[in-house]
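For reference, the structure discussed in these notes is given below.
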2 protein chains.
Amino acid sequence: MGTAERREREKEYRKQMIIEAAEKVIFTKGYEKATMDDVAAEAELSKGTLYLYFKSKEEVYLALVLKGMKLLREMFAEAVAKEPNGLCKVRAIGETYIRFNREYPNYYHALMFYQGLEVNLESEAAMELKTFHESKDAMKLFTSVIEEGLKDGSIRKNVDSEKTALLLWGESSGVLQLIASKGHALTNHFNVEPEELINYFMEFTFHALKAD
Amino acid sequence: MGTAERREREKEYRKQMIIEAAEKVIFTKGYEKATMDDVAAEAELSKGTLYLYFKSKEEVYLALVLKGMKLLREMFAEAVAKEPNGLCKVRAIGETYIRFNREYPNYYHALMFYQGLEVNLESEAAMELKTFHESKDAMKLFTSVIEEGLKDGSIRKNVDSEKTALLLWGESSGVLQLIASKGHALTNHFNVEPEELINYFMEFTFHALKAD
DNA sequence: CCAAAAAATGACCGTTAGTCAGTAAATAGA
DNA sequence: TCTATTTACTGACTAACGGTCATTTTTTGG
């Protein structure tokens with residue numbers, strides 16, 4: 001009697017449908033403007049049903065954050081695979097993050113939303129936990145490629161792999177965030193194009209990282 | 001007949017009183033949890049009156065952002081005054097930003113809120129405009145000390161003062177943001193103390209900046 | 001076919017940002 | 001000092017939204 005298993009699958013399917021509906025609505029109107037009634041209508045369900053699958057609006061959004069984080073981690077893994085040494089892999093991760101920011105701005109927004117959240121790993125919010133683990137995995141990959149760079153000599157000695165990974169993560173998020181919110185003003189008031197600033201960031205960072 | 005002038009002063013005074021009340025309430029309960037009724041009660045005014053002085057809750061909060069930005073800019077100016085050369089001044093600005101983050105976490109939060117806002121300099125929001133100008137002034141100071149460092153030889157050639165100022169602003173905000181939201185997890189899951197990461201950031205950055 | 005369980009519904013609730021018609025206070029002219 | 005007018009203030013009210021729950025509909029297993 002595989003009924004229970006089928007029900008499980010159907011439940012998971014419904015959940016995915018809700019996530020897709022939420023994605024459409026939230027990525028169009030933005031998190032604040034999007035209402036749970038909008039999502040319910042898009043999913044062709046009643047609002048009450050949404051709350052059988054997610055315990056709050058935030059939890060729904062965190063499902064999108066998780067999707068984004070998974071996507072990013074996969075992109076990192078793929079980008080790293082082709083590169084010859086540690087430093088190139090670090091660079092590839094950086095470029096991938098920038099590409100992610102450009103190609104999936106909505107997911108990037110979602111990730112920034114998560115970054116703004118104070119982690120509460122004791123909370124009941126399953127999504128938050130999963131997202132944290134996903135980001136931890138991405139960070140592990142990042143750390144390991146820096147270690148590789150130390151071993152193969154492409155990265156200068158006396159950098160700490162774990163701290164550097166965290167540092168570059170924070171730094172690049174900050175720079176992209178600055179550009180995302182103030183990009184237009186950058187062009188008009190500082191004569192700096194967003195693109196230029198990003199290139200400058202890469203140059204600056206790799207100057208500090210490479211051996212010799 | 002100085003009546004009009006006195007009224008002007010009194011109006012400004014009321015506005016300041018409202019800002020003080022908002023500060024108490026918002027810094028205690030947080031922006032989301034604080035209600036306009038709370039602020040009104042604290043200011044001993046009716047809610048309607050608040051809306052004669054500010055056009056929205058966000059506008060009230062932006063007044064706090066502006067206060068924070070002014071404070072930060074003053075701290076920068078003071079910190080820079082005592083230093084002997086450009087590189088030291090840059091370092092002093094960095095350390096001041098970190099101190100600001102530690103000593104005025106509520107104002108720092110407010111600044112992050114502003115950083116997350118997409119600038120709209122055409123909007124009617126006077127506060128946003130003022131805040132932007134304040135931050136632009138801080139940035140000018142930052143740019144000028146980097147130029148000073150280039151002239152006095154403490155900072156390596158081929159750094160661009162304007163881009164570097166923007167870059168360091170974005171980078172440091174990102175790192176502090178990471179620590180603010182994920183600091184506890186950093187300690188538990190990555191064996192990195194927030195303090196360490198900040199020191200590492202400073203070291204890493206000045207390695208990339210200094211001459212030779 | 002039926003009773004029990006599971007899933008879904010949507011009217012309803014509490015809260016809160018923002019409004020506005022009405023009231024109170026201050027001002028200026030006589 | 002009295003009064004008309006402008007200015008400042010009030011708080012009941014509205015609209016909107018996140019979240020709940022008693023009720024209904026659908027599915028399941030015998």
Side-chain angles (χ1 to χ4, degrees), chain A residues 1-22 24-26 28-64 113 117 123-128, chain B residues 1-22 24-26 28-64 113 117 123-128:
Chain A
M1 195 140 327
T3 311
E5 289 79 357
R6 198 205 62 216
R7 269 230 282 273
E8 202 67 23
R9 278 201 314 277
E10 279 176 358
K11 230 171 162 172
E12 185 53 36
Y13 178 76
R14 267 265 185 283
K15 198 165 184 173
Q16 290 308 317
M17 290 300 105
I18 293 171
I19 291 174
E20 273 177 38
K24 254 186 216 165
V25 174
I26 293 177
T28 306
K29 308 177 76 169
Y31 179 67
E32 299 295 341
K33 292 265 180 88
T35 71
M36 290 300 266
D37 284 299
D38 291 337
V39 176
E42 180 66 40
E44 293 173 296
L45 290 168
S46 75
K47 184 159 62 161
T49 305
L50 299 190
Y51 286 90
L52 298 174
Y53 291 86
F54 296 92
K55 66 180 238 305
S56 67
K57 187 185 177 186
E58 187 175 306
E59 187 82 355
V60 172
Y61 194 47
L62 280 172
L64 301 183
F113 174 85
L117 242 57
S123 85
E124 282 300 302
M127 286 298 167
E128 202 180 333
Chain B
M1 192 130 340
T3 311
E5 288 79 357
R6 197 205 62 219
R7 269 230 281 270
E8 202 67 22
R9 278 201 312 279
E10 280 176 357
K11 227 170 164 173
E12 184 53 37
Y13 177 76
R14 267 263 185 285
K15 198 165 184 173
Q16 290 309 317
M17 290 301 105
I18 293 172
I19 291 173
E20 273 177 38
K24 254 186 216 165
V25 174
I26 293 176
T28 305
K29 308 178 76 170
Y31 179 69
E32 300 293 342
K33 291 265 182 86
T35 73
M36 290 298 266
D37 283 301
D38 291 338
V39 176
E42 180 67 39
E44 293 173 298
L45 289 168
S46 76
K47 183 160 63 161
T49 305
L50 300 191
Y51 285 90
L52 298 173
Y53 291 86
F54 297 91
K55 67 180 235 305
S56 67
K57 187 185 177 186
E58 186 175 307
E59 187 82 356
V60 173
Y61 194 47
L62 279 172
L64 301 183
F113 174 85
L117 242 56
S123 86
E124 282 300 302
M127 285 301 168
E128 203 180 330

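All chains are named by letter (A, B, ...) in the order of the sequence lines, taking the proteins before the strands, and each is independently numbered beginning at 1.
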Practice problem: Tell me what Y53(A) touches on the nucleic acid: a base, only sugar-phosphate, or nothing, going by heavy atoms under 4.0 Å. | Solution: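 Sugar-phosphate: the residue Y53(A), judged by heavy atoms under 4.0 Å, touches backbone atoms but no base.
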
Going by the rule side-chain hydrogen bond (donor to acceptor under 3.5 Å, both in side chains), which residues pair with [X] if we only count those two or more places apart in sequence or in a different chain?
| X | answer |
| --- | --- |
| E12(A) | Q16(A) |
| E58(B) | none |
| T49(B) | S46(B) |

Quiz prompt | Residue pairs involving residues 34-45 of chain B (criterion salt bridge (Lys or Arg N to Asp or Glu O under 4.0 Å); sequence neighbours excluded) | solution =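 Applying salt bridge (Lys or Arg N to Asp or Glu O under 4.0 Å) to every pair that reaches into residues 34-45 of chain B, excluding sequence neighbours, yields K24(B)-E42(B), K29(B)-D38(B), D37(B)-K47(B).
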
d([atom1], [X]; [atom2], [N]) in whole Å:
| X | N | atom1 | atom2 | result |
| --- | --- | --- | --- | --- |
| K29(B) | dT15(C) | NZ | P | 12 Å |
| E44(A) | dA8(C) | CD | P | 13 Å |
| L50(B) | dA17(C) | CG | P | 10 Å |
| R14(B) | dT10(D) | CZ | P | 8 Å |
| E12(B) | dA8(D) | CD | P | 14 Å |
| E8(B) | dA8(D) | CD | C1' | 14 Å |
| E10(B) | dT7(D) | CD | C1' | 12 Å |

Quiz prompt | Spacing of CZ belonging to F113(B) relative to OH belonging to Y31(B), to within rounding of 0.5 Å | solution =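 Answer rounded to 0.5 Å: 4.5 Å.
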
Exercise. Determine which pairs satisfy ring pair (Phe, Tyr, Trp, His ring centres under 6.0 Å) with at least one residue from residues 37-56 of chain A, sequence neighbours left out, and list them in order.
Key: none

Self-check item: Letter per nucleotide, 5' to 3', of nucleotides 11-23 of chain D [B base touched, S only sugar-phosphate touched, - untouched; heavy atoms, 4.0 Å]
Solution: B-----SBBBB--

